[in-house]
Structure formats: structure tokens, C-alpha cells
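Values below: every heavy atom of this structure, side chains too, minus hydrogens, waters and symmetry copies. In what follows, chains are A, B, ... by sequence order, proteins preceding strands, each numbered from 1.
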Amino acid sequence: METRPYFLVGDLVANVVAGAAIGAITAAIFGPGWNMWIAMFVAMFLAMPISMFIAFPFGALFGAMEVMVPVMTTGMVVSMWVSMEGAMVRIPVAEGARMGVYGGIGTLIACYVANELIRRRTSHWIS
Amino acid sequence: MDLVTKAKWDKAARNFDVMAGFGPEKRWAPVKTKLFSKMGTGRILFLAVGTGLDVPFFPPGRNIVGIDISDKMLEKARVRTDAYDGKIELQAVDVHDMPFPEGSFDQVFTSCTFCSVPRPVEGLKALRRVLVPGGELHMFEHTGSRYFPFNSMLNQMTWLSKRFGPDMNRDTVTNAKIAGFTVREVTHVYLDVVKTISATA
């Protein structure tokens with residue numbers, strides 16, 4: 001597991017910012033007029049390239065794939081969550097951003113856990 | 001030489017160090033230092049030396065030929081290779097069209113290279129050709145993932161990322177096996193996406 005404070009803080013900031021941005025954008029676009037499933041697919045389709053571009057400046061500071069993969073996953077998760085809920089009840093942009101922050105933190109924790117599990121299972125093999 | 005790939009990386013050379021020179025290198029420094037400590041005293045080929053960001057991690061006193069398809073990248077690399085305490089000879093060469101005779105090198109090293117080589121299996125076969133029999137291939141690479149949702153996400157993003165840089169979903173371990181290498185060791189650095197691979201020709 002990453003233990004260097006510089007990278008831990010960087011990972012957290014990148015995912016919080018990406019989550020907030022994607023949450024706010026998603027809340028601004030999708031409302032109760034949308035079919036929930038169509039909203040989810042359109043939101044995810046838009047969120048992934050947007051989150052990829054959000055990841056670039058953070059990647060330059062904190063690492064490449066270690067930043068890009070969690071940030072893109074945050075974009076996917078937050079856009080799915082906010083768009084589906086937004087298709088049922090109107091979500092204000094600020095509330096979408098708040099949901100995005102929570103989604104970003106949760107996704108980052110999930111990625112850290114996945115990293116530990118995957119590396120423990122297959123971190124080192126010799127043929 | 002693949003001029004399309006050359007043009008892509010010549011263009012990328014302008015801002016390459018801004019994107020890759022600080023965060024990624026700082027994060028990967030311990031892993032790269034360990035991998036490159038395997039550099040022996042024989043002839044070494046370093047494929048896709050780029051702007052030379054990996055050079056500070058090389059152990060001193062080695063005899064290295066560094067190649068890259070982009071001469072713009074190599075122009076930037078010279079500052080770092082000139083400061084290296086050993087011998088590094090730079091050449092603008094496409095891996096698919098290397099001028100070296102068979103068995104020219106004892107070891108080959110790559111660093112984030114086979115995400116970008118257009119025909120990865122052919123590229124790896126070319127490396128095998130220039131290695132002595134039993135010669136070593138050591139790679140630091142990012143690849144696709146076997147695990148959901150990372151595999152799906154990396155697959156989808158590749159159509160975008162490949163337009164300005166690397167593919168994000170390569171299966172470099174399998175490609176090395178197809179190219180005829182015996183894969184000896186794989187160590188996952190981040191998820192199963194960032195990894196080191198050691199193989200023999």
C-alpha cells in the first residue's frame with residue numbers, strides 16, 4: 001500500500017476534485033425528465049473522458065496510472081449515482097458536488113482495497 | 001521507420017517532461033531503481049529512452065545503447081545522458097527496424113514502452129532477435145487489467161488515449177510469451193496494471 005504522505009494526499013485531492021466536478025456537471029445536466037437507465041449510460045459516457053482530462057494535471061504531480069485509474073473510476077461511479085438519483089428527484093448542483101466528494105473518497109478507498117487484494121493474490125509470480 | 005508513430009512522439013516530446021517528469025517518476029522511483037539495478041556489465045539495449053527520465057535510476061558504469069523512434073525526444077535526453085556516469089549511446093531507431101545484428105545485446109530494458117509500440121508482438125520478436133540466446137528482458141510497463149471495472153474502463157479509454165499517446169489495455173505479458181520469451185517473473189506494482197516483467201530470450 002502507498003504510505004508516502006505526499007501521494008496519499010495527492011490521491012485524495014485528485015479524487016475529491018474529480019468527484020465534485022463530475023457530480024456537479026451530472027446534476028446540472030440530468031433531471032427528472034430523463035429515463036433513469038438512459039441517464040446513467042449517457043452520464044457514464046460523458047464522465048469517463050472528462051475525468052480522464054481532470055486526471056492529467058494531478059497525474060503530472062502525483063503519478064500516472066495510480067491517479068488516472070481511481071479518478072476515472074470515481075467519474076464512472078459518481079456519474080452513475082448522481083444521474084440515476086437525479087432522474088428521480090431534482091438534485092441541486094451543490095448537492096451533486098457534495099455527493100461527488102463522498103463518491104470520490106469512497107472510490108479511492110475501494111481502489112486502495114482492490115490494489116491490496118490484487119497485489120496480494122498475484123503480486124509476484126515466477127514461472 | 002513508422003513515420004506516423006514518429007510524428008506522434010515528436011509532438012509529445014514538447015510537453016513530455018511536464019506530464020511525466022515529476023509525479024510518475026517520483027512515485028515509481030523505488031521500483032525503477034530496483035529493476036534497473038539488474039543491469040549487468042555486458043551490452044545493454046534500452047528501448048524507447050524518451051527524454052531520458054529513467055537515466056538517473058541507472059547504476060553507474062554501464063554500457064548502454066538507448067534508442068527511440070523520436071529524435072525530438074532524444075534531443076531532450078542528451079542533457080540527462082551526458083550527465084550519466086557511464087556510457088550511453090543514443091540512436092533514433094524504430095524497434096521494428098533495428099539495424100543491430102542478431103545477438104548484439106546481453107540485456108534489454110524497457111520502461112512504459114510496449115503501451116505505445118504499434119505492433120507489440122513484432123516489436124518483442126525484434127528484441128528477442130538482438131538478444132544473445134538466454135539474454136534477459138526486463139520491463140517496467142503499464143497494461144490492461146483482468147479485473148472489473150478496471151479492464152472495461154481501460155478498454156474504453158484506449159480509443160481516446162491512443163490518439164495522443166499510449167494504449168491503456170495492452171497484454172504485454174502474453175505478448176512477450178507469443179514473441180517467444182520465457183517469462184520468469186511478474187511483479188505487480190499497482191493493481192495488475194503497473195508491473196515489472198522479467199523474461200529470457
Side-chain angles (χ1 to χ4, degrees), chain A residues 1-11 13-14 41 44-77 79-80 107-108 110-127, chain B residues 15-31 53 112 115 140-161 163-166 168 173 176-177 181-200:
Chain A
M1 182 178 155
E2 181 60 68
T3 55
R4 292 168 288 181
Y6 175 79
F7 295 110
L8 292 172
V9 171
D11 290 349
V13 171
F41 282 113
M44 286 170 69
F45 182 78
L46 293 173
M48 289 182 63
I50 293 172
S51 54
M52 188 178 177
F53 283 106
I54 292 172
F56 282 148
F58 291 107
L61 291 171
F62 303 114
M65 304 309 285
E66 292 86 347
V67 172
M68 189 166 285
V69 170
V71 164
M72 283 164 49
T73 311
T74 288
M76 190 175 75
V77 169
S79 63
M80 192 190 316
T107 303
L108 180 63
C111 286
Y112 269 78
V113 171
N115 184 36
E116 280 309 296
L117 293 175
I118 290 172
R119 292 187 65 231
R120 196 173 297 168
R121 188 191 295 181
T122 61
S123 68
H124 188 86
W125 59 264
I126 297 172
S127 61
Chain B
N15 299 313
F16 190 80
D17 283 3
V18 175
M19 290 307 298
F22 182 73
E25 292 306 312
K26 199 173 162 70
R27 192 152 197 160
W28 292 334
V31 180
L53 290 171
C112 296
C115 52
F140 178 90
E141 297 286 342
H142 67 83
T143 66
S145 174
R146 287 189 297 155
Y147 297 96
F148 183 83
F150 310 114
N151 51 0
S152 162
M153 199 168 56
L154 292 169
N155 285 337
Q156 289 170 43
M157 294 319 295
T158 293
W159 70 266
L160 182 62
S161 67
R163 290 167 206 278
F164 54 83
M168 295 166 80
V173 175
K177 290 178 184 170
F181 282 99
T182 302
V183 176
R184 300 287 181 193
E185 188 177 6
V186 176
T187 302
H188 290 144
V189 176
Y190 180 68
L191 298 169
D192 61 337
V193 173
V194 181
K195 62 188 66 164
T196 60
I197 304 162
S198 292
T200 48

Counting only heavy atoms not in F56(A), do more than 12 fall under 6.0 Å of its CZ?
yes
With only heavy atoms counted, which part of E2(A) is less than 4.5 Å from chain B, the side chain, the backbone, both or neither?
side chain
Heavy atoms of P49(A) and M157(B) approach each other most closely as CA-CE, 3.8 Å
Bottom line for F58(A): the part with an atom under 4.5 Å from chain B's heavy atoms is neither
When the 4.5 angstrom heavy-atom criterion is applied to M52(A) and chain B, the contacting part is side chain
Please give me the minimum heavy-atom distance between F22(B) and A60(A), naming the atom from each residue.
CB-O, 3.8 Å
Measure across Q156(B) and M48(A) and return the closest heavy-atom pair with its distance rounded to 0.1 Å.
OE1-SD, 3.7 Å
If one checks every heavy atom of S161(B) against chain A at 4.5 Å, the contacting part turns out to be both
Toward chain A, the part of P30(B) with a non-hydrogen atom under 4.5 Å
side chain
Which heavy atom of F62(A) sits nearest to which heavy atom of R27(B), and what is that distance?
O-NH1, 2.9 Å
Hey, does C111(A) have a side-chain heavy atom less than 4.5 Å from the side chain of Y190(B)?
yes
Tell me, for V194(B) versus chain A, whether the close heavy atoms (under 4.5 Å) come from the side chain, the backbone, both or neither.
side chain
So which part of F45(A) gets closer than 4.5 Å to some heavy atom of chain B, the side chain, the backbone, both or neither?
neither
Point-to-point distance, once rounded to the nearest 0.5 Å, from CZ of F53(A) to CG of L160(B):
5.0 Å
Is there side-chain contact between L117(A) and Y147(B), with heavy atoms separated by less than 4.5 Å?
no
M68(A), part contacting chain B, at a heavy-atom distance under 4.5 Å:
side chain
Taking all non-hydrogen atoms of both residues into account, name the closest pair between H188(B) and R119(A) and its distance.
O-NE, 2.9 Å
Looking at chain A, which one of G21(B), S198(B), G23(B) has the largest number of heavy-atom pairs inside 4.5 Å, strictly under?
G23(B)
Please answer whether the main-chain N or O of L191(B) pairs with a side-chain N or O of N115(A) as donor and acceptor at a distance below 3.5 Å.
yes
In terms of heavy-atom pairs under 4.5 Å with chain B, the winner among M76(A), M65(A), E116(A) is M65(A)
Over all heavy atoms of both residues, which pair between M153(B) and V69(A) is shortest? Give the atoms and the distance, please.
CE-O, 3.6 Å
